[in-house]
Amino acid sequence: MRIGAVIVVIWLVLGVVAAFERGYFKDSGDASCAEAGTVIVTTLAGPLNWMGVNPKITCDVDVPAPSE
């Protein structure tokens, strides 16, 4: 059981390194659903990022106008 946990942690650390290499942690001023989703999916993809996987997330959120 412990070896599985170690593998998962290493997998996620490699995913964070890949996201960092792609510049996803730079402060661009505005955070969006798509930006956060891309960072999360890149982290979960782990070492697959160096095998050509380039996950991207798009968020099409229609926010209703506030009622008056």
Side-chain angles (χ1 to χ4, degrees):
M1 183 72 177
R2 287 187 183 199
I3 189 72
V6 170
I7 290 171
V8 168
V9 169
I10 291 171
W11 184 276
L12 293 175
V13 167
L14 290 174
V16 170
V17 170
F20 181 77
E21 285 180 345
R22 293 181 179 176
Y24 293 157
F25 295 117
K26 291 182 182 175
D27 185 19
S28 61
D30 58 321
S32 67
C33 169
E35 193 172 321
T38 300
V39 170
I40 292 169
V41 173
T42 300
T43 300
L44 293 176
L48 297 176
N49 289 291
W50 291 291
M51 295 178 171
V53 174
N54 189 11
K56 296 279 185 180
I57 299 293
T58 57
C59 294
D60 296 326
V61 179
D62 293 329
V63 179
S67 59
E68 295 180 17

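Each residue takes its place number in the sequence, starting with 1.
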Discussion item. Could you go through Lys56 and Asn54, starting from their C-alpha distance and side-chain angles, then the distance that decides it, and tell me whether this counts as side-chain contact (heavy atoms from CB on, under 4.5 Å)?
Written reply: CA-CA 6 Å; Lys56 296 279 185 180; Asn54 189 11; 3.9 Å; yes

Worksheet item: Between Thr43 and Tyr24, is any pair of side-chain heavy atoms under 4.5 Å apart?
Response: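 Side chain of Thr43 against side chain of Tyr24, heavy atoms only: no contact under 4.5 Å found.
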
Discussion item. So Met51 and Leu48, do their side chains get closer than 4.5 Å, heavy atoms only?
Written reply: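 In contact.
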
Worksheet item: Crowded around Phe25 CZ? As in, over 12 foreign heavy atoms under 6.0 Å?
Response: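 More than 12 heavy atoms, drawn from other residues, nucleotides or ligands, come within 6.0 Å of this atom.
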
Fill in: Qualifying residue, where the test is side-chain contact (heavy atoms from CB on, under 4.5 Å) with Ile40 and the options are Thr38, Leu44, Thr42
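The passing option is Leu44.
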
For the hydrophobic clusters of this structure (ILVMFWY residues joined by side-chain heavy atoms under 4.5 Å, transitively), does one cluster hold both [X] and [Y]?
{"X": "Ile7", "Y": "Val13", "value": "no"}
{"X": "Ile3", "Y": "Leu14", "value": "no"}
{"X": "Val53", "Y": "Trp11", "value": "yes"}

Practice prompt. Working to the nearest 0.5 Å, report the span between CD of Glu21 and CG of Asn49.
Written response: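 Result: 9.0 Å between the selected atoms.
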
Worksheet item: Of all heavy-atom pairs between Ala45 and Pro55, which one has the smallest distance, and what is that distance?
Response: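 Taking Ala45 first and Pro55 second, the nearest heavy atoms are CB-CG, 4.3 Å.
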
